[in-house]
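Below, chain A is the first sequence line, B the second, and so on; all start at residue 1.
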Amino acid sequence: MTQLVLFNITNGLIVGAFYVLMALGLSLILNLSNVINFAHANFLTLGGYFAYVLIPFIGFWAALFVAPLLTAIVGIIVERLMIRRVYGRDPVYSLLLTFGLAFILQDVCRYVWGTQGLPLAVPASIAQPLSADLFFITGYRVFMVAIVLVAVTGLFAFLRYSRIGVRIRAGILDLETVAALGVNVQLLRSLNFAVGIFLAGLAGVLAAGQIGLNPNMGDTLLMPSFIAIIVGGVGSLAGTLFGGLLIGVAAAITTVFYPTAADAVIYVIMALVLLARPRGLLGEEGMMS
Amino acid sequence: MSEATVLRAAATPFLSRQRLGLAALWAVLILVPFWVPLVGGYTQLAGRALVLGLAAMALNFLLGFTGVMSFGHAAWFGLGAYGTGLMLRYVTSSSLLATLAGVLLGGVLGTVLGRLLVRRRGVYFAMITIAFGQIFFYIAYRWNSLTGGDDGLRGFQRQPIGFGRFLLDIQGNDVALYYYLLFVFAICVGLMGLLLGSPFGRTLIAIRENERRARFLGIDVERQIWLSFSLSCFFCSAAGALYALLNNFADPMTLHYTLSGEIVIMAVMGGMRSFWGPLLGAAVFVVLQDYVSSMTVNWMSFIGLLFVLVVLFAPRGLLGALQRETPR
């Protein structure tokens, strides 16, 4: 029993780590540009497929960095060509636009790589279980969690210490003032979008190594990522981080005792948080309205 | 009758353009079984357009006339469908009662959950409605024994409706079914029109135009938005109830946020500032989807492209574009 619970908590942390990577990117874009990126999950999928194409040429380790970078470049192109046009307009337009993009990207992946699942080769050095007792802790899982940790630390350091990061944070608080101070807001939004998409692409590569590739692989992550943001509190990246881990572990523990409710429990958590603390666990007053 | 109404009525000639347009519209709707086969359609498709049109108009009650964006209306639509299906399968053989059950299931749940939403605005309102909507998708998906899970709820048949000696055979006769759909549609749309024309409807528009000013005028904004959301849920689940009758089937995908997005695009494509726009949008969407999905397997790209094109090039919608040309 202990082992089962431990197994599921480990699972939950890993799933939660994916939610966190997805949700942090979504959250960045939402906070600065007021756009919910419905296509976020499809950028994740695209990142996985890019890695699939790149690995035979440059190997897994390089692909782990290059594939998300390529995804981010696609993201910038999409942002410059389309999403930029709906900034500042009624939010219904940005939702519809990214919704349509999600359809298109999914169909493109299906068209190019087929509907069949494809495996992503992971180096043998990290594919082994670490111990016989805790068979479920493979090297790859530890590796995933480590990469997510590095990425999240990197993101927070970037936002805290780099010039662009500081401007992004300032823009989240008051974009008009930032623009008045002479910052190129258009460029800032593009970069911010790219950072968000990079995280999605990275999650895509990691997820592909664990569960393989298919055109819908990101879809199951989208709703939990929304919920991670709502639970953690809109406007707070630390909240998103906490929210993602919380719902990942909560769903995993529910799986032990009552598997059919595993999907539902995260929605229950959301409803409870909205009832008891409408701004989210770490959200700031007024950010949600 | 208020002073303004009297004045407006006096100023409008009996055969105004507006009234003629309305009469023409209803004539087109009533005559559907006669002209649709002539242009290569079928009555079932027209029924689908009518039902989704009602859903889009219900959404637009909130989106276009209150200025609050729900991106989770599929939930209420799907609950209406499941309510009707479950009622017909397990409880009653009356199509009327089953329709009512569907309307109540979606409407009441929407009203209850709406209470949690009314303080949110803009994208946050949208995000929370999406997430709430998915709750019902997962319930229908997982509760196999009751809902049929992934396969959807089957095993029920709409039943003929009897009024004394007169029998409306909506079971075997497509045309009779269409008129039943149109009957419920007319009730809902009539109610929506009355509500929007009433002081309550004016209040909603005031909130849409300037929420802060409305609040200063003493309007209880949260309460009005909650009311508007609830009404919108009731109308939308009426559409869902009809959808279940139309297909003799309740599909978990009717609860999925993909449908929510489609309902929103119908409303926007038709013109979200106009009362009838969403119906036009739904008709265009349904016909396009039917046509494209019969032509190519990559129909998702076309639908996605439609979303993008509407947003970038026709944000005011089909009727919105027409209205701009006529001076106020």
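In this structure, the portion of Leu63(B) lying under 4.5 Å from any heavy atom of chain A is its side chain and not its backbone. Contact annotation for Val268(B): only side-chain heavy atoms (C-beta onward) come within less than 4.5 Å of a heavy atom of chain A. If you measure heavy-atom distances from Tyr257(B) to chain A, the contacts under 4.5 Å come from both the backbone and the side chain. Contacts of Leu116(B) with chain A are made by side-chain atoms alone, with heavy-atom separations under 4.5 Å and no backbone atom involved. Both the backbone and the side chain of Val92(A) come within contact range of chain B, with heavy atoms under 4.5 Å apart.
The minimum heavy-atom distance between Arg89(A) and Pro315(B), with the atom names listed, is NH2-CB, 3.1 Å. Taking every heavy atom of both residues into account, Ile104(A) and Ser301(B) meet most closely at CG1-O, 3.8 Å.
Among residues at least two apart or in separate chains, there is no ring pair (Phe, Tyr, Trp, His ring centres under 6.0 Å) pair with a member in residues 280-304 of chain B.
Contacts between residues 68-83 of chain B and chain A, defined by a heavy-atom separation under 4.5 Å, are made by Met69(B), Phe71(B). Contacts between residues 93-103 of chain A and chain B, counted as heavy-atom pairs separated by less than 4.5 Å, involve Tyr93(A), Leu95(A), Leu96(A), Leu97(A), Phe99(A), Gly100(A), Leu101(A), Phe103(A).
To the nearest 0.5 Å, the span separating CZ on Phe132(B) from OH on Tyr267(A) amounts to 11.0 Å. A distance of 5.0 Å separates CE of Met270(A) from CD1 of Ile135(B), quoted to the nearest 0.5 Å. The NE2 atom of His256(B) sits 7.5 Å away from the CG atom of Asp219(A) when rounded to the nearest 0.5 Å.
Contact annotation: the side chain of Gln134(B) never approaches that of Ile227(A) to less than 4.5 Å [non-hydrogen atoms, C-beta and beyond].
More than 12 heavy atoms of other residues, nucleotides or ligands lie within 6.0 Å of CZ in Phe50(A), so this atom counts as buried by the packing criterion.
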Pair up each side-chain donor or acceptor in residues 71-82 of chain A with any protein partner under 3.5 Å, not counting sequence neighbours, and list the distances.
{"unit_1": "Thr71(A)", "atom_1": "OG1", "unit_2": "Ala67(A)", "atom_2": "O", "d": "2.7"}
{"unit_1": "Glu79(A)", "atom_1": "OE1", "unit_2": "Ser190(A)", "atom_2": "OG", "d": "2.7"}
{"unit_1": "Glu79(A)", "atom_1": "OE2", "unit_2": "Tyr87(A)", "atom_2": "OH", "d": "2.6"}
{"unit_1": "Arg80(A)", "atom_1": "NE", "unit_2": "Ser190(A)", "atom_2": "OG", "d": "3.4"}

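Considering Asn34(A), Ile230(A), Ile229(A), Ile36(A) as possible partners of Tyr124(B), the one that fulfils the side chain to side chain contact (heavy atoms under 4.5 Å, CB included) test is Asn34(A).
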